[in-house]
Amino acid sequence: MTPSTSEAKAMATRLRRALAATGAEIRHAQALELVAQQLGHRDWNTLVASAPQPSPVVTIPVLRTFPGPEADRFYLDFLGFDVDWEHRFEPGLPLYRQVSREGCVLHLSEHHGDATPGSKVRIEVADVASLQRRLAQSPLYPLRSGIEEAEWGADLEVPDPFGNRLVFCVLR
């Protein structure tokens, strides 16, 4: 397996140091080319092109909520999210917070302009059928959302009180 670009650069640095210790000085570019060839690549550029790419930046969706207890009731009590942190500039001003559940992270904002009510977020879960049963048994909301089967997986769409739609899904 091809090492990452940073690992290959570290190998080239170690090679230069080892050679320098024996009195053989080479430029860094030469060390990069030698490492690439030792790893089975034609040259450094070929190694870089085949090296694993860094993981993409994970984005966290921001959903618009409104002041009052309804966001707690829906996201915490009904869906089972936990509050990770909260921020208000001062008492009485809009709340911005992060909630999470089983690896899913959402930002909920009462700030006008942070997000538009009516957004849709897809959330991958391990078992959408058990989630559907649990939500259907909850006395908090009388939602009876059904699971939609599609060629890509199963979706359970759950509307929040603010017009947003959370689609819990299992991908095939």
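Note that the structure is a prediction, hence the values are computed from the model and not measured.
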Please check this pair: side chain of [X] against backbone of [Y], looking for a donor-acceptor N/O pair closer than 3.5 Å.
{"X": "Glu157", "Y": "Ser145", "result": "no"}
{"X": "Arg64", "Y": "Asp114", "result": "no"}
{"X": "Arg101", "Y": "Leu79", "result": "yes"}
{"X": "Ser138", "Y": "Arg134", "result": "no"}
{"X": "Asn164", "Y": "Lys120", "result": "no"}

Ring geometry between [Y] and [X] (parallel below 30°, tilted from 30 to 60°, perpendicular above 60°):
{"X": "Phe78", "Y": "Phe74", "answer": "tilted"}
{"X": "Phe162", "Y": "Phe66", "answer": "perpendicular"}
{"X": "His111", "Y": "Tyr96", "answer": "tilted"}

- Query: Are Leu19 and Leu39 linked, directly or through other ILVMFWY residues, by side chains that come within less than 4.5 angstrom of each other?
  - Reply: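 Linked within one cluster.
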
- Query: Between Val167 and Leu106, is there a shared hydrophobic cluster once you connect ILVMFWY residues whose side-chain heavy atoms come closer than 4.5 Å?
  - Reply: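 The answer is no; the residues belong to distinct hydrophobic clusters.
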
- Task: Would you please test Ile147 and Phe168 for side chain to side chain contact (heavy atoms under 4.5 Å, CB included) and show each step?
- Result: CA-CA 9 Å; Ile147 295 175; Phe168 295 92; over 6 Å; no

Return the minimal non-hydrogen interatomic distance between [X] and [Y], and the atom names on each side.
{"X": "Arg144", "Y": "Ala136", "value": "NH1-O, 3.0 Å"}
{"X": "Val62", "Y": "Ala115", "value": "O-CB, 3.3 Å"}
{"X": "Gly118", "Y": "Arg165", "value": "O-NH2, 4.3 Å"}
{"X": "Asp43", "Y": "Glu33", "value": "CB-OE1, 3.2 Å"}
{"X": "Glu110", "Y": "Pro67", "value": "OE2-CA, 3.4 Å"}
{"X": "Val125", "Y": "Val170", "value": "O-CG2, 3.4 Å"}

Nearest 0.5 angstrom please: [X] [atom1] to [Y] [atom2], how far?
{"X": "Gln132", "Y": "Gln137", "atom1": "CD", "atom2": "CD", "result": "10.5 Å"}
{"X": "Leu166", "Y": "Asp155", "atom1": "CG", "atom2": "CG", "result": "12.0 Å"}
{"X": "Leu47", "Y": "Arg42", "atom1": "CG", "atom2": "CZ", "result": "11.5 Å"}
{"X": "His107", "Y": "Ser100", "atom1": "NE2", "atom2": "OG", "result": "9.5 Å"}
{"X": "Arg73", "Y": "Leu140", "atom1": "CZ", "atom2": "CG", "result": "5.5 Å"}

Indicate yes or no: at least one non-hydrogen side-chain atom of [X] is less than 4.5 angstrom from one of [Y].
{"X": "Leu143", "Y": "Leu135", "value": "no"}
{"X": "His28", "Y": "Thr13", "value": "yes"}
{"X": "Tyr141", "Y": "Val158", "value": "no"}
{"X": "Phe81", "Y": "Leu108", "value": "no"}

Whether over 12 other heavy atoms sit under 6.0 Å from [X] [atom1]:
{"X": "Gln37", "atom1": "CD", "answer": "yes"}
{"X": "Glu70", "atom1": "CD", "answer": "yes"}
{"X": "Trp152", "atom1": "CH2", "answer": "no"}

- Pair Arg97 + Asp72: basic N to acidic O under 4.0 Å: yes

- Item | Evaluation steps, side chain to side chain contact (heavy atoms under 4.5 Å, CB included), between Leu76 and Val83 | CA-CA 8 Å; Leu76 308 182; Val83 175; 3.7 Å; yes

